[in-house]
Amino acid sequence: MRYRPFLRAIPVVFLPLAGCKVAGAPSFPIAGAYFPSWMLCGVIGIVVAVGLRVLFLATDIDAMLRLRLFTYVSLGTITALLFWLLAFGP
């Protein structure tokens, strides 16, 4: 009877493990070492955000932006997540 609260908490404790697969994390080999795919998506997001900044500076769109940092971080994040979805998604 005194263990009942503990038994009710067990499903909550193991809930974060529900998304794990037996196949393992998506990764790819580079020069013999396995890198997680999220690292590739992050690098692609950063490269796209920097490229868009250069493009916006060249076309004077950057001068019209009020929150530049949030704009470029959002563009990089959207690109990284979109690449993740297209390349590694369901």
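Residue indices begin at 1 and follow the sequence shown. Scope of the values below: all heavy atoms of this structure, side chains included, with no hydrogens, waters or symmetry mates.
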* Asked: Linking I/L/V/M/F/W/Y whenever any side-chain heavy atoms sit under 4.5 Å apart, do L85 and I46 land together?
  -> no

* Asked: Of all heavy-atom pairs between D62 and R68, which one has the smallest distance, and what is that distance?
  -> O-NE, 3.0 Å

* Asked: Transitively linked via ILVMFWY side-chain contacts under 4.5 Å: L69 with L67?
  -> no

* Structure fact -> Heavy-atom closest pair (Y72 atom, L65 atom, distance to 0.1 Å) is OH-CD1, 3.7 Å

* Residues that, via side-chain heavy atoms closer than 4.5 angstrom, fall in one hydrophobic cluster with V47 -> V43

* Rounded to the nearest 0.5 Å, how far does CZ of R53 lie from CD1 of I61? -> 12.5 Å

* Members besides L86 in its Ile/Leu/Val/Met/Phe/Trp/Tyr cluster (side-chain heavy atoms under 4.5 Å) -> L82

* Decide whether M39 and V48 are clustered together by the hydrophobic rule: side chain heavy atoms of Ile, Leu, Val, Met, Phe, Trp, Tyr closer than 4.5 Å, transitively. => yes

* To do: State yes or no: do V73 and L75 share one hydrophobic cluster built from I, L, V, M, F, W and Y residues joined by side-chain heavy-atom distances below 4.5 Å, directly or via other members?
  => no

* Atom CG in L57, atom CG in L52: separation rounded to 0.5 Å? -> 11.0 Å

* Structure fact -> Heavy atoms of C41 and A80 approach each other most closely as O-CB, 3.2 Å

* Structure fact -> Minimal heavy-atom distance between S37 and W84, with the atoms involved, is OG-CZ3, 2.9 Å

